[in-house]
Amino acid sequence: GSVDKTVKKYLEGLEHIKVYDSSSLEESITAKKFARVLFIPDFQVSLPYSPFLLSKFVYQVMENIPIVVYSLKNSEMHDFVDKYPKSGIFWAETGDKESLKSAIKSAMECNPENFDRTEIRKCFAEETIVKVFEDAVNMQC
């Protein structure tokens with residue numbers, strides 16, 4: 001995904017970190033097989049709910065690999081990290097290298113066997129998504 005240039009350069013300079021601007025499906029599958037932590041950059045949404053949740057995030061939540069989300073504090077991604085602290089998802093604030101360094105370190109040191117993603121996965125069940133979307137549309141009208 002797209003990351004600001006300063007942070008991208010910082011990440012590329014770190015040992016054990018591989019940065020992909022884009023990759024084929026085959027490359028993604030291979031990289032994920034060996035990944036210890038997944039990094040998902042910010043998608044900036046100004047609405048309190050977006051029916052267009054970042055598919056990378058939703059897909060990775062179904063796995064048991066630690067996730068680092070790099071987002072704004074007032075984003076939906078941050079809200080998920082706050083609401084589900086035992087899910088193995090770590091937050092780094094957009095533009096803050098120290099926050100990013102800390103989140104990556106925490107993610108790499110955590111034990112995936114201690115994750116509990118049961119509740120966060122329910123957020124992405126079809127029934128939940130449809131209901132939340134309907135509620136958001138009704139609030140706008």
Side-chain angles (χ1 to χ4, degrees), residues 1-140:
S2 184
V3 181
D4 54 80
K5 288 182 175 126
T6 307
V7 171
K8 182 177 174 185
K9 192 170 187 164
Y10 171 74
L11 288 172
E12 287 173 333
L14 297 176
E15 189 178 352
H16 306 300
I17 302 234
K18 179 75 176 153
V19 177
Y20 295 93
D21 279 325
S22 63
S23 59
S24 68
L25 179 59
E26 293 80 15
E27 288 172 323
S28 297
I29 291 169
T30 302
K32 188 174 172 191
K33 194 182 297 184
F34 298 104
R36 285 186 45 209
V37 175
L38 298 168
F39 174 74
I40 301 177
D42 182 62
F43 66 112
Q44 294 182 14
V45 177
S46 59
L47 301 172
Y49 170 78
S50 169
F52 308 107
L53 263 173
L54 186 64
S55 60
K56 287 180 192 174
F57 177 69
V58 176
Y59 177 71
Q60 303 309 341
V61 163
M62 303 306 164
E63 303 287 331
N64 284 325
I65 299 173
I67 298 171
V68 171
V69 293
Y70 178 71
S71 69
L72 300 170
K73 194 168 191 169
N74 62 346
S75 71
E76 195 171 6
M77 299 286 277
H78 178 264
D79 294 345
F80 280 118
V81 174
D82 245 10
K83 191 171 181 179
Y84 304 102
K86 295 182 180 179
S87 63
I89 303 170
F90 302 86
W91 176 71
E93 187 166 9
T94 299
D96 185 340
K97 289 182 195 174
E98 288 306 310
S99 166
L100 180 58
K101 185 177 175 181
S102 175
I104 291 171
K105 185 176 185 311
S106 296
M108 291 189 76
E109 292 173 349
C110 76
N111 182 351
E113 291 176 11
N114 297 330
F115 292 171
D116 181 2
R117 290 191 177 163
T118 309
E119 293 305 310
I120 193 170
R121 286 175 179 152
K122 288 179 185 175
C123 296
F124 307 112
E126 185 178 344
E127 302 79 26
T128 306
I129 291 172
V130 170
K131 180 171 180 352
V132 173
F133 180 71
E134 285 175 345
D135 291 349
V137 168
N138 290 335
M139 284 176 50
Q140 298 293 323

Which distance, rounded to the nearest 0.5 Å, do you find between the [atom1] of [X] and the [atom2] of [Y]?
X: Lys83; Y: Glu119; atom1: NZ; atom2: CD; result: 9.0 Å
X: Ile104; Y: Ser99; atom1: CD1; atom2: OG; result: 9.5 Å
X: Lys73; Y: Asp79; atom1: NZ; atom2: CG; result: 11.0 Å
X: Tyr84; Y: Thr118; atom1: OH; atom2: OG1; result: 11.0 Å
X: Arg117; Y: Glu63; atom1: CZ; atom2: CD; result: 8.5 Å
X: Leu100; Y: Phe90; atom1: CG; atom2: CZ; result: 13.5 Å

Which pair of heavy atoms, one from [X] and one from [Y], lies closest together, and at what distance?
X: Leu72; Y: Thr94; value: N-OG1, 3.3 Å
X: Val68; Y: Ala103; value: CG2-O, 3.8 Å
X: Pro112; Y: Cys110; value: CD-O, 3.5 Å

Stepwise, does the side-chain contact (heavy atoms from CB on, under 4.5 Å) test hold for Val61 with Arg121?
CA-CA 7 Å; Val61 163; Arg121 286 175 179 152; 3.9 Å; yes
Between Ser71 and Met77, is there a donor-acceptor pair closer than 3.5 Å when you use the side chain of the first and the backbone of the second?
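It does not hold such a pair.
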Would a distance-only check, ignoring hydrogens and angles, find a side-chain to backbone donor-acceptor pair under 3.5 Å from Ser102 to Glu98?
no
Heavy-atom side-chain proximity of Pro66 to Phe115 below 4.5 angstrom:
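Of all side-chain heavy-atom pairs linking Phe115 with Pro66, at least one is under 4.5 Å.
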How about Ile89 and Gln60: do any of their side-chain heavy atoms sit closer than 4.5 Å?
no
Got a sec, which residues hit side-chain hydrogen bond (donor to acceptor under 3.5 Å, both in side chains) with [X], two or more places apart in sequence or on another chain?
X: Lys131; value: Asp135
X: Lys105; value: Glu109
X: Asp82; value: none

Look at the rings of Phe80 and Phe124 and say which category their plane angle falls in: under 30° parallel, 30 to 60° tilted, over 60° perpendicular.
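Geometry flag for Phe124 against Phe80: tilted rings.
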